[in-house]
Peer 1: 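One structure, pasted below without further comment.
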Amino acid sequence: MSKVVLHVTMSLDGFMAGPDVGVEHPMGRGGLRLHDWILKSPADEVDSAVGEEVAAATGAVVLGRRTYDVGVGVWQDTPFPLPCFVLTHRARTPQEMRSGTFTFATDGLEDALRRAEAVADGKDIALMGADVAQQALGAGLLDEINLQLAPVLLGDGRRLFEHLGTDGIELERTRLLASPHVTHLRFRVHRAS
């Protein structure tokens, strides 16, 4: 059975993108600094190993429509060379790309996750986008959070952990790795019984 995993980089002050996210600034103004750990050349060994681990473990992706809208022009492909399911209210035909297909899922998050699991071949289903992550976490559908904590203070932008309600969500840290560019944290999400 596939795990649902959020892979995300966040600033020390809790933002996963800077302000004014849009096609001109897909990561928001100043937000691209969050991905310095990915873009540095040569890459740090720890950062490279984490990136390779994510790529090898992922079998499908579920992302939000906004993430798709601002990212597809930058990626010029799917974000991973895998089937990608875009959670949206606007139906459209699948979009074939060089290394995968965007399928537009209009029947809600649970349906998108079922469809992703059907093609993931037992590998992880990666989530992309704040709204999708918050929906999955709030609905008890998220199994793990793979969080990269960047040594950056953005001051404003799109927060990762908001709109989650007042019921606490328990996490168990299962990994802690660090490079000069980022701290890699992995948490198992414990569902309320």
Side-chain angles (χ1 to χ4, degrees), residues 3-41 43-51 53-55 58 61-75 79-80 87 109 124-192:
K3 290 184 296 185
V4 178
V5 181
L6 172 63
H7 300 287
V8 66
T9 303
M10 182 176 77
S11 67
L12 194 56
D13 53 349
F15 297 100
M16 62 180 292
D20 303 322
V21 171
V23 174
E24 306 81 36
H25 302 284
M27 289 294 299
R29 285 185 292 107
L32 196 56
R33 296 180 301 161
L34 295 173
H35 290 165
D36 280 354
W37 71 276
I38 298 169
L39 304 173
K40 291 277 185 198
S41 182
D44 183 87
E45 285 182 27
V46 170
D47 299 339
S48 292
V50 169
E53 173 188 289
V54 168
T58 303
V61 178
V62 173
L63 63 153
R65 178 64 190 239
R66 181 177 167 112
T67 301
Y68 165 82
D69 285 342
V70 301
V72 71
V74 175
W75 304 321
F80 288 81
L87 191 59
L109 178 59
D124 294 347
I125 300 166
L127 299 184
M128 294 179 67
D131 289 335
V132 169
Q134 290 167 12
Q135 287 179 50
L137 192 55
L141 300 172
L142 188 62
D143 297 305
E144 292 185 356
I145 300 171
N146 186 24
L147 177 70
Q148 280 54 244
L149 190 58
V152 172
L153 297 171
L154 291 181
D156 193 13
R158 183 67 164 110
R159 289 201 181 274
L160 177 57
F161 299 116
E162 51 184 12
H163 312 297
L164 297 177
T166 57
D167 296 337
I169 297 171
E170 300 296 322
L171 306 174
E172 174 190 355
R173 191 186 73 213
T174 59
R175 179 174 68 194
L176 169 62
L177 299 171
S179 79
H181 312 293
V182 71
T183 302
H184 302 276
L185 300 160
R186 185 176 284 262
F187 298 93
R188 184 174 299 116
V189 179
H190 290 283
R191 292 175 172 75

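Nothing here was measured: the structure is a model prediction, and the numbers come from that model.
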Peer 1: Can you spot which of Val54, Val50, Leu185 makes a side-chain contact (heavy atoms from CB on, under 4.5 Å) with Gln148?
Peer 2: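 Among Val54, Val50, Leu185, the one that satisfies the side-chain contact (heavy atoms from CB on, under 4.5 Å) with Gln148 is Val50.
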
Peer 1: A cation-pi test, strictly: NZ or CZ of Arg173 under 6.0 Å from the centre of the six-membered ring of Phe187 and no more than 45 degrees from its axis. Yes or no?
Peer 2: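 Not satisfied by the 6.0 Å and 45° rule.
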
Peer 1: Calculate, to the nearest 0.5 Å, the distance between atoms CG and CD1 belonging to Leu142 and Ile125 respectively.
Peer 2: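 Nearest 0.5 Å value for the CG-CD1 distance: 11.0 Å.
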
Peer 1: Return the minimal non-hydrogen interatomic distance between Ala130 and Met16, and the atom names on each side.
Peer 2: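 It is CB-SD, 3.4 Å.
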
Peer 1: Are Thr67 and Val132 packed together at the side-chain level, in the sense that at least one heavy-atom pair is separated by less than 4.5 angstrom?
Peer 2: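 Answer no - side chains too far apart.
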
Peer 1: Quick one, Arg66 and Asp131 - any side-chain contact, counting heavy atoms below 4.5 Å?
Peer 2: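 A side-chain contact under 4.5 Å is absent here.
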
Peer 1: For the CG atom of Leu171 and the NE2 atom of His190, what is their distance to the nearest 0.5 Å?
Peer 2: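 So the gap between those two atoms works out to 8.0 Å.
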
Peer 1: Any side-chain heavy-atom pair from Leu154 and Leu34 closer than 4.5 angstrom?
Peer 2: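 When only atoms from C-beta onward are counted, Leu34 and Leu154 do touch, with a gap below 4.5 Å.
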
Peer 1: So, Trp37 and Ser179: side-chain donor and acceptor under 3.5 Å apart, yes or no?
Peer 2: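 Looking only at side-chain atoms, Ser179 and Trp37 do not form any donor-acceptor pair under 3.5 Å.
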
Peer 1: I need the minimum non-hydrogen distance between Asp44 and Pro180, along with the two atoms involved.
Peer 2: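 Minimum heavy-atom contact is OD1-CD, 3.4 Å.
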
Peer 1: Check step by step if side-chain contact (heavy atoms from CB on, under 4.5 Å) holds for His184 and Asp47.
Peer 2: CA-CA 8 Å; His184 302 276; Asp47 299 339; 2.7 Å; yes

Peer 1: Determine the minimum heavy-atom distance between Leu109 and Leu87, stating which atoms define it.
Peer 2: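 Taking Leu109 first and Leu87 second, the nearest heavy atoms are N-CD1, 3.6 Å.
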
Peer 1: Does Glu144 reach the side chain of Thr174, with side-chain heavy atoms less than 4.5 Å apart?
Peer 2: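 No. Closest side-chain heavy atoms not under 4.5 Å.
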
Peer 1: Can you name the nearest heavy-atom pair linking Leu137 to Val189, along with the distance?
Peer 2: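 What the structure gives for the nearest pair is CD1-CG1, 4.0 Å.
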
Peer 1: Under the criterion side-chain contact (heavy atoms from CB on, under 4.5 Å), I'd like the reasoning laid out for Arg175 against Asn146: C-alpha separation, chi angles, the key distance, then a yes or no.
Peer 2: CA-CA 9 Å; Arg175 179 174 68 194; Asn146 186 24; 3.2 Å; yes

Peer 1: Looking only at heavy atoms, what is the nearest atom pair of Val72 and Asp69, with distance?
Peer 2: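 Closest approach of Val72 to Asp69, heavy atoms only: CG1-O, 4.3 Å.
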
Peer 1: Would you check, one step at a time, whether the test side-chain contact (heavy atoms from CB on, under 4.5 Å) holds for His35 with Val182?
Peer 2: CA-CA 9 Å; His35 290 165; Val182 71; over 6 Å; no

Peer 1: Please examine the side chains of Glu53 and Arg186, heavy atoms only from C-beta on, and report whether any two atoms are closer than 4.5 Å.
Peer 2: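 Touching, per the 4.5 Å side-chain cut-off.
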
Peer 1: Could you go through Ile145 and Phe161, starting from their C-alpha distance and side-chain angles, then the distance that decides it, and tell me whether this counts as side-chain contact (heavy atoms from CB on, under 4.5 Å)?
Peer 2: CA-CA 12 Å; Ile145 300 171; Phe161 299 116; 4.2 Å; yes

Peer 1: Do Leu32 and His25 come close enough that some side-chain heavy atom pair is under 4.5 Å?
Peer 2: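 No; the side chains remain at least 4.5 Å from each other.
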
Peer 1: What heavy-atom pair brings Leu160 and Gln134 nearest, and what distance separates the two atoms?
Peer 2: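 Looking at all heavy atoms of both residues, the shortest contact is O-NE2, 2.8 Å.
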
Peer 1: If I take atom OG1 from residue Thr9 and atom NE2 from residue His181, how far apart are they, to the nearest 0.5 angstrom?
Peer 2: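 One finds 13.0 Å between OG1 of Thr9 and NE2 of His181.
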
Peer 1: Do Met27 and Val74 come close enough that some side-chain heavy atom pair is under 4.5 Å?
Peer 2: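 Met27 does not reach Val74 side chain to side chain.
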
Peer 1: For Glu45, is the CD atom crowded, meaning more than 12 foreign heavy atoms sit under 6.0 Å from it?
Peer 2: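 12 or below, so no.
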
Peer 1: Does any N or O in the side chain of Arg29 come within less than 3.5 Å of the main-chain N or O of Gly157, such that one atom is a donor and the other an acceptor?
Peer 2: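 Pair absent, no side-chain N/O of Arg29 close to backbone of Gly157.
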
